[in-house]
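Below is one structure; the comments refer to it alone.
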Amino acid sequence: MIDKIRPFSLLIGRVVLGAVFLVHGLQKFTGDGGIPGVTGFFASLGVPLPGVAAPVVAILEVGGGIALILGAALPIVGTLLAVDMLGAIVLVHFENGFSVGEGGYEFVLTLAAASLVIAFSEGGAFAVDNIWRRKRALAVVR
């Protein structure tokens, strides 16, 4: 029974996590000040090369969110998003403690862990990675 449910629970987790990253990435483009505002914020935190880091992080979160939703390139995308969140913990949230209510790292740590789980789960039902894997396996058999 669990083996029949697992692909769909992974699908739900993958899509929800992807939507969270997608929205957070879009906010970096469309929120107060857009990318220049994010660049200034990153500079105030001492992020190296904030003019490069801000658009890279925004693109990673938008593209990574879409890739998670589709279930594409999961090991790469999930790992990159986890690294992104670890950077957020180190540079922004750690000094505020654990609680998200106080600006702590609780939420971003959860996103990092969930990204790694999905990255190495094969993505569940309807994941593009699984479709590619099946097509490659069929091509090898022929």
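Numbers for residues simply follow the sequence, beginning at 1.
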Inset, instruction - Indicate yes or no for a side-chain donor-acceptor contact from N96 to the backbone of G104 under 3.5 Å, with no hydrogens or angles considered. - result: no
Inset, instruction - Report yes or no: do I66 and V128 belong to one cluster of Ile/Leu/Val/Met/Phe/Trp/Tyr joined by side chain heavy-atom distances under 4.5 Å? - result: yes
Inset, instruction - Would you give the length of the straight line joining atom CZ of F98 to atom NE2 of H93, rounded to the nearest 0.5 angstrom? - result: 12.5 Å
Inset, instruction - Answer whether the closest heavy-atom distance between the side chains of D129 and P75 falls below 4.5 Å. - result: yes
Inset, instruction - Check E122 against A127 and note the closest heavy-atom contact, atom names and distance. - result: O-CB, 3.9 Å
Legend entry - Distance in Å, L11 CG paired with N130 CG, rounded so as to fall on 0.5 Å steps: 10.5 Å
Inset, instruction - Compare every heavy atom of A73 with every heavy atom of W132, then report the nearest pair and how far apart it is. - result: CZ3-N, 4.4 Å
Legend entry - side chain to side chain contact (heavy atoms under 4.5 Å, CB included) between L70 and R14, intermediate numbers included: CA-CA 8 Å; L70 296 174; R14 191 183 83 225; over 6 Å; no
Inset, instruction - State yes or no: do L80 and I89 share one hydrophobic cluster built from I, L, V, M, F, W and Y residues joined by side-chain heavy-atom distances below 4.5 Å, directly or via other members? - result: yes
Legend entry - Residues in ring-ring contact (aromatic ring centres under 6.0 Å, His included) contact with F42, at least two apart in sequence or another chain: none
Inset, instruction - Identify whether V117 and L86 are in the same connected component of the hydrophobic contact network (ILVMFWY, side-chain heavy atoms under 4.5 Å). - result: no
Inset, instruction - For F126, enumerate each residue passing the ring-ring contact (aromatic ring centres under 6.0 Å, His included) test, keeping only those at least two apart in sequence or located in another chain. - result: none
Inset, instruction - Treat each ILVMFWY residue as a node, draw an edge where side-chain heavy atoms are under 4.5 Å apart, and state whether I69 and V77 are in one component. - result: no
Legend entry - Hphob cluster co-occupancy, V57 + V92, side-chain heavy atoms under 4.5 angstrom: yes
Legend entry - Over all atoms of both residues, closest heavy-atom pair of S115 and A82: CB-N, 4.0 Å
Legend entry - Where A88 and V108 come nearest, the two heavy atoms and their spacing: CB-CG1, 4.4 Å
Legend entry - Closest heavy-atom pair and its distance - L74, G123: CD1-CA, 3.4 Å
Legend entry - Taking every non-hydrogen atom, the tightest pair across P50 and P55: O-CD, 4.3 Å
Taking distance alone, no hydrogens or angles, what donor-acceptor pairs closer than 3.5 Å link side-chain atoms of residues 15-39 to residues at least two apart or in another chain?
from: K28; atom 1: NZ; to: E61; atom 2: OE1; distance (Å): 2.8
from: T30; atom 1: OG1; to: L26; atom 2: O; distance (Å): 2.9
from: T39; atom 1: OG1; to: I35; atom 2: O; distance (Å): 2.9

Inset, instruction - Count the heavy atoms of every other residue, nucleotide or ligand shown that sit under 6.0 Å from CG of L45, and state whether that count exceeds 12. - result: yes
Legend entry - side chain to side chain contact (heavy atoms under 4.5 Å, CB included) between L68 and L81, worked out: CA-CA 10 Å; L68 286 176; L81 289 169; 3.6 Å; yes
